[in-house]
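Worksheet for the structure shown next.
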Amino acid sequence: MTLNENSSKYFPYEKYREKQLKLIEMTKKSILEKTHLVIQAPAGFGKTICVLAGALEATEKKNLKILWICRTHREADRVIDEAKEIYSINPWISAITIRARSELCPMPISNEIRRDAESFSILCSEIKKRRLCPYYSPQKIKNIELPAIGSIKDITKQCLEHHICPYESIRKKIGKYKIISLAYLYVLKQPIFKRLNINEEKCILVIDEAHNILEAAQKLLSEKITIKSLKMTLIEAKKYKVNVAEEITNKILEIINGVKNEKIIDKEKFASKIEKETAKKVEEIAKHLLEIGMKIRRQLASENKIPRSHIHHLGKFISLLSNAIGKEEYSLILRENEIELLCFDPKSIMRRLFKKFFTTISLSGTISNRYNKIMGIKQARFLEITLKYNPDQILSIIASNVTSDYEKRNPQMYRKMLEYIIVTSEIINAGIGIFTASYNVLKGIIEAGILNIKKPVFIEDENMTSRMNEIQIELFKEKARKNGAIYLGVCGGRASEGVDYPGKEMDVVILAGIPFPEPTPSIKAKIKYYEKKYGRKMGKLYGYIIPSMWKVAQAAGRVIRGPEDRGAIIYLDKRYQKYSKLLPKWMRPRKTIHDAAELKEELSLFFA
């Protein structure tokens with residue numbers, strides 16, 4: 001559709017794709033009516049530019065900002081890229097993004113400290129207080145004019161040319177921008193958000209890849225302590241003569257020692273044991289430990305040492321425990337060598353998001369109208385964008401003789417999965433993405449012999465840094481474009497979401513299993529919690545099945561990144577026959593095969 005008098009003046013491209021104008025109008029309408037909007041649209045549709053265009057139109061009538069939150073930096077940068085396109089036709093708009101201070105700091109500080117955001121923040125404060133940072137000049141920061149469209153690369157270059165801190169410059173100026181793109185953490189963690197001096201009530205909150213927000217919030221409200229950490233706490237407690245920390249640590253070690261299998265313990269009884277041991281309430285204990293831990297951290301920072309305190313970590317754990325008492329959404333879990341306080345339902349955070357901001361827009365290629373219920377949104381408009389793909393564009397197949405079911409995982413099953421992968425690699429001279437149910441399944445496929453395939457194989461490592469992962473993905477893409485390559489990762493991993501693979505970069509996606517979590521006591525407790533909240537049937541669906549299928553849909557969506565793409569999705573798990581209705585319509589399997597020979601025939605015909 002070409003642009004006309006009904007077009008959005010913030011849409012910078014010559015033509016609309018099918019239904020893009022509808023999304024722009026719905027975005028604008030929902031904001032003006034102050035109604036939450038939930039959008040499901042396929043990969044490559046252009047969700048980002050459409051929502052930006054509609055939101056900018058709405059902000060003309062209301063003095064609002066657009067706060068766009070994402071899971072990854074790559075997704076945040078994409079918002080800035082689209083804002084640049086809008087700026088080319090409407091130069092009054094402004095957009096900026098931000099990173100953690102540890103990533104933007106130009107000081108020669110070790111990577112070990114940079115990996116610990118809290119420690120880095122304390123060290124940074126100490127360096128500034130002692131006037132040892134040559135890049136921290138409040139007057140220079142106040143005077144610098146950052147670009148109207150502020151990418152990290154451009155801002156960093158400008159700030160370093162003026163010899164000032166990029167992080168502090170962005171933080172001081174961020175409130176002046178119309179579009180602000182940042183990671184989930186900046187909004188989920190309220191103390192961090194407050195530092196940005198942005199009025200929530202004057203912001204439209206856009207949640208990108210919204211299927212991830214719940215898990216991110218759950219992690220934020222959970223805390224874990226290992227035996228190794230507790231032993232370090234004992235050493236620290238003796239060094240600084242913190243008797244209460246020593247008493248609590250010994251009690252926790254007594255409880256953990258000897259545990260082999262995961263089990264749930266009563267968090268109220270656990271708290272009572274700590275109170276009995278110290279003759280103090282857990283709230284008092286937490287406050288005391290946090291105060292002492294912070295003093296230790298500042299002292300270490302002043303001595304140019306890593307400002308890390310195990311006493312402070314223990315204080316955080318006890319603080320969360322005191323907050324969790326009497327709350328059903330928390331469980332205390334014992335495992336071999338560790339104890340974890342796990343939050344199943346971060347409703348306190350989610351409630352704030354959907355209440356405090358002017359309105360919200362949730363975007364994803366995979367969420368359904370059940371998202372409202374899971375997130376606790378009382379009233380929301382749901383928009384499902386469906387595109388019609390020709391039958392010759394997508395081949396979607398289920399293999400009926402394999403599964404990642406925990407009781408059936410064994411070397412023979414992984415060899416069967418590998419047979420399908422080998423056949424695919426023999427036919428496809430382009431990118432092949434294999435996304436497994438878990439790292440255990442990934443390991444099983446490696447042991448079955450995937451590295452013997454005569455194509456470059458790139459393997460995802462859960463301990464790999466974000467930067468190293470990006471480099472590996474770019475190398476995979478380069479090889480895929482030439483003569484083909486294989487990427488072996490996991491559903492929910494960095495390569496399975498938020499990365500585009502246009503052209504020949506990923507012609508086939510293979511889903512090796514369904515990423516259902518292992519049915520451990522903690523997972524069973526989570527399901528029980530959701531069953532109590534939503535009923536027996538819907539509880540398991542909302543708390544266990546749907547989140548897993550959202551991860552599947554994200555991975556499967558890598559194969560089609562635009563209306564002209566062609567590709568194949570191969571589901572290596574017979575259970576997809578039962579759960580495929582939870583996937584977006586366009587990626588649901590249409591054929592069932594029973595062995596690798598049938599797959600060879602189907603792929604040969606499709607890619608002929």
Side-chain angles (χ1 to χ4, degrees), residues 112-113 115-123 218-301 303 305-325 327 330-344 462-463 520-523 525:
E112 185 182 358
I113 298 178
R115 283 193 289 268
D116 184 340
E118 279 190 26
S119 292
F120 190 93
S121 180
I122 291 165
L123 185 62
Q218 285 170 343
K219 286 180 180 177
L220 201 61
L221 292 180
S222 301
E223 195 69 55
K224 181 192 295 184
I225 293 189
T226 65
I227 282 183
K228 183 181 177 182
S229 174
L230 289 166
K231 287 179 179 176
M232 296 300 290
T233 307
L234 276 180
I235 294 169
E236 193 176 293
K238 286 173 182 174
K239 179 181 177 180
Y240 293 99
K241 295 181 173 56
V242 186
N243 293 336
V244 67
E246 196 172 341
E247 291 168 358
I248 294 167
T249 302
N250 280 323
K251 176 53 74 174
I252 297 174
L253 281 169
E254 182 187 311
I255 293 167
I256 296 177
N257 279 329
V259 172
K260 294 296 180 186
N261 300 314
E262 182 179 296
K263 64 179 180 179
I264 309 291
I265 62 170
D266 190 302
K267 58 183 181 291
E268 283 74 20
K269 286 182 181 177
F270 179 83
S272 295
K273 285 180 181 179
I274 290 173
E275 290 179 339
K276 187 178 179 182
E277 190 73 22
T278 60
K280 291 180 180 179
K281 293 288 184 184
V282 283
E283 295 90 340
E284 295 174 57
I285 297 166
K287 185 180 178 183
H288 180 60
L289 294 177
L290 288 169
E291 286 173 355
I292 291 172
M294 189 53 73
K295 284 179 184 176
I296 292 169
R297 297 178 88 175
R298 286 183 180 137
Q299 181 183 326
L300 291 169
E303 296 169 358
K305 295 176 182 176
I306 299 174
R308 192 173 292 147
S309 167
H310 296 279
I311 289 173
H312 190 271
H313 184 201
L314 179 62
K316 281 175 68 178
F317 182 83
I318 301 298
S319 178
L320 188 62
L321 175 67
S322 70
N323 183 59
I325 299 300
K327 294 180 179 177
Y330 284 92
S331 273
L332 190 59
I333 299 140
L334 275 182
R335 301 187 189 95
E336 187 176 12
N337 298 326
E338 69 179 33
I339 184 168
E340 182 175 19
L341 189 59
L342 193 60
C343 176
F344 301 139
E462 58 187 320
N463 298 314
T520 58
S522 57
I523 291 298

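Computed from a prediction, not measured in an experiment: that's the story for all the values here. Nothing fancy with the numbering, it's 1 onward along the sequence.
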In residues 283-295, what donor-acceptor pairs under 3.5 Å come from side-chain atoms, sequence neighbours left out?
none

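- Ser119 and Ile113 get closest at one heavy-atom pair: C-CG2, 4.5 Å.
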Working note: Leu321 + Lys267, criterion side-chain contact (heavy atoms from CB on, under 4.5 Å); need CA distance, chi angles, decisive distance, verdict. CA-CA 8 Å; Leu321 175 67; Lys267 58 183 181 291; 4.1 Å; yes

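- Atom-to-atom distance recorded for Tyr330:OH and Leu221:CG is 4.0 Å, nearest 0.5 angstrom.
- The pair Lys316-Glu118 counts as a salt bridge, with a side-chain nitrogen and a carboxylate oxygen less than 4.0 angstrom apart.
- Side chain of Thr233 to backbone of Ser229: a donor-acceptor contact under 3.5 angstrom is found.
- Glu236 and Lys239 are not joined by a salt bridge, as no carboxylate oxygen comes within less than 4.0 angstrom of a charged side-chain nitrogen.
- In this structure, CG in Asn257 is found 10.5 Å from CG in Leu334, a value given to the nearest 0.5 Å.
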Taking it one step at a time, do Glu223 and His313 satisfy side-chain contact (heavy atoms from CB on, under 4.5 Å)? CA-CA 9 Å; Glu223 195 69 55; His313 184 201; 3.2 Å; yes

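- The CG atom of Asn261 sits 8.5 Å away from atom CD of Glu336, with the distance rounded to the nearest 0.5 Å.
- Distance alone, capped at 3.5 Å, places no donor-acceptor pair between the Lys269 side chain and the Ile265 backbone.
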Tell me, with the steps shown, if Lys273 and Ile255 meet side-chain contact (heavy atoms from CB on, under 4.5 Å). CA-CA 10 Å; Lys273 285 180 181 179; Ile255 293 167; 4.3 Å; yes

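- A side-chain contact (heavy atoms from CB on, under 4.5 Å) with Phe317 is found for one member of Ile248, Ile339, Leu230 and no other, namely Ile339.
- Between Ala245 and Leu314, the shortest heavy-atom contact is O-CD2, 4.1 Å.
- Using modelled atom types, no side-chain atom of Ser319 and backbone atom of Gly315 make a donor-acceptor pair closer than 3.5 Å.
- Here CD1 of Ile235 is found 11.0 Å from OG1 of Thr249. Values are rounded to the nearest 0.5 Å.
- Using a 4.5 Å heavy-atom threshold, the side chains of Ile227 and Leu253 count as touching.
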After noting the C-alpha distance and the side-chain angles of Phe270 and Ile274, does the key distance pass the side-chain contact (heavy atoms from CB on, under 4.5 Å) rule? CA-CA 7 Å; Phe270 179 83; Ile274 290 173; 3.4 Å; yes

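- In this structure a side-chain-to-backbone donor-acceptor pair under 3.5 Å is missing from Lys281 to Ser322.
- Nearest heavy-atom pair, Ala301 versus Ile122, reported as atom, atom and distance to 0.1 Å: CB-CG2, 4.1 Å.
- Listed by chain and residue number, nothing satisfies the salt bridge (charged side-chain N to carboxylate O under 4.0 Å, His left out) test with Asp266 (two or more places apart in sequence, or in another chain).
- Using a 4.5 Å cut-off on side-chain heavy atoms (C-beta onward), Asp116 and Ile306 make no contact.
- Proximity of a side-chain donor or acceptor of Thr226 to a complementary backbone N or O of Glu338 within less than 3.5 Å is not detected.
- Surrounding NZ of Lys219 are at most 12 heavy atoms belonging to other residues, nucleotides or ligands under 6.0 Å away.
- Between Leu300 and Arg308, the closest heavy-atom pair is CD1-O, 3.4 Å.
- Every residue was checked against the salt bridge (charged side-chain N to carboxylate O under 4.0 Å, His left out) condition with Arg298, not counting sequence neighbours, and none meets it.
- Under the 3.5 Å distance criterion, with hydrogens and angles disregarded, a donor-acceptor pair is assigned to the side chains of Ser522 and Glu262.
- If you take CD1 on Ile318 and CD1 on Ile252, they are separated by 5.0 Å, rounding to the nearest 0.5 Å.
- Of all heavy-atom pairs spanning Val282 and Glu275, the tightest one is N-OE2, 3.1 Å.
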